[in-house]
Amino acid sequence: MHEMRRVLVVGYPAAELLDIACVVTALQVANFLNRRGVYEVSLASPGGRPIHTGTGLTLQAQRSLERATGPLDTLVVSGGIGYVDAMEDKRLVAHVRRLGVESRRVASVCTGAGVLAAAGLLDGRRASTHWEHADFLARRFPAVDFDSGPIFVSDGRFCTSAA
């Protein structure tokens, strides 16, 4: 018997639907191709509320971010046009920080790196994000080396992507 890898994807108001869907779909396809459950994937949001994405569609979170517990195999924070508000949401950031500490691997898609930076999880690390947001995030979080060149950066147990 194998133990499933627990993956938690974090969404928030105006998160990018594509950022969430691509991560969840890739892991569910891996389950299908392995003919068994390898990944247990769930979507969390503040208060477990529906996520009104930046594209106008609404996703139903499966759990409340506040009640999510580790240890997790992977924590993934989505990007989206709501990332600045998410970075300033002290409760959301505190729960991302807590879960990041309890996770074997921490990742972000695009501007989700801003939420990881706000949580202090990227301090002293190199990170990637969308090129249009890299300078803003670098000014906001000088302890993080934001690099808009690569499509992704892997730094220890942290992985950030530009798209």
Side-chain angles (χ1 to χ4, degrees), residues 1-34 36-55 57-123 125 127-130 137 144 152-163:
M1 186 98 189
H2 71 281
E3 195 170 319
M4 290 183 59
R5 295 178 180 174
R6 294 181 62 219
V7 178
L8 184 70
V9 179
V10 177
Y12 45 81
E16 177 54 49
L17 174 65
L18 188 60
D19 290 4
I20 295 167
C22 283
V23 170
V24 172
T25 299
L27 297 173
Q28 294 298 0
V29 167
N31 285 344
F32 174 77
L33 293 174
N34 278 285
R36 64 182 172 93
V38 177
Y39 299 100
E40 175 192 312
V41 184
S42 58
L43 176 62
S45 70
R49 290 183 294 278
I51 300 165
H52 302 286
T53 67
T55 58
L57 296 176
T58 301
L59 295 175
Q60 180 58 54
Q62 294 151 311
R63 64 186 48 195
S64 161
L65 182 60
E66 296 82 355
R67 292 186 178 198
T69 60
L72 298 171
D73 184 71
T74 308
L75 172 68
V76 182
V77 178
S78 63
I81 60 174
Y83 85 98
V84 174
D85 289 338
M87 289 181 344
E88 294 173 356
D89 182 333
K90 291 183 186 334
R91 285 184 294 189
L92 182 146
V93 168
H95 288 292
V96 166
R97 181 182 309 112
R98 172 183 60 81
L99 291 166
V101 170
E102 299 175 358
S103 298
R104 184 174 73 86
R105 183 175 29 239
V106 178
S108 64
V109 182
C110 198
T111 53
V115 177
L116 294 181
L121 294 170
L122 298 179
D123 287 358
R125 299 189 177 281
S128 182
T129 192
H130 191 282
L137 289 173
V144 181
F152 74 93
V153 170
S154 183
D155 186 341
R157 65 186 191 93
F158 296 86
C159 186
T160 53
S161 67

Could you tell me whether Arg91 atom CZ has more than 12 heavy atoms of other residues or ligands within 6.0 Å of it? no
Does any part of the side chain of [Y], heavy atoms only, come nearer than 4.5 Å to the side chain of [X], both counted from C-beta?
| X | Y | result |
| --- | --- | --- |
| Val10 | Leu75 | yes |
| Val77 | Val96 | yes |
| Cys159 | Phe152 | yes |
| Thr129 | Thr160 | no |
| Leu137 | Tyr83 | yes |
| Leu65 | Leu92 | yes |
| Val7 | Leu72 | no |

For a quick test of reading the model, state the closest non-hydrogen atom pair linking [X] to [Y] and the distance between them.
| X | Y | value |
| --- | --- | --- |
| Thr69 | Arg98 | CA-NH1, 4.2 Å |
| Glu16 | Thr55 | OE2-CG2, 3.5 Å |
| Arg63 | Ala68 | CD-CB, 4.2 Å |
| Ser108 | Gly112 | CB-C, 3.5 Å |

Under a 3.5 Å threshold, yes or no: a donor from one side chain and an acceptor from the other, between His130 and Thr111? no
Between Thr53, Val9, Val24, which is the residue that forms a side-chain contact (heavy atoms from CB on, under 4.5 Å) with Leu59? Thr53
Do side-chain atoms of Arg105 reach the backbone of Phe158 as a donor and acceptor pair under 3.5 angstrom? no
For the pair Arg104 and Asp73, find out whether any cationic side-chain nitrogen is under 4.0 Å from an anionic carboxylate oxygen. yes
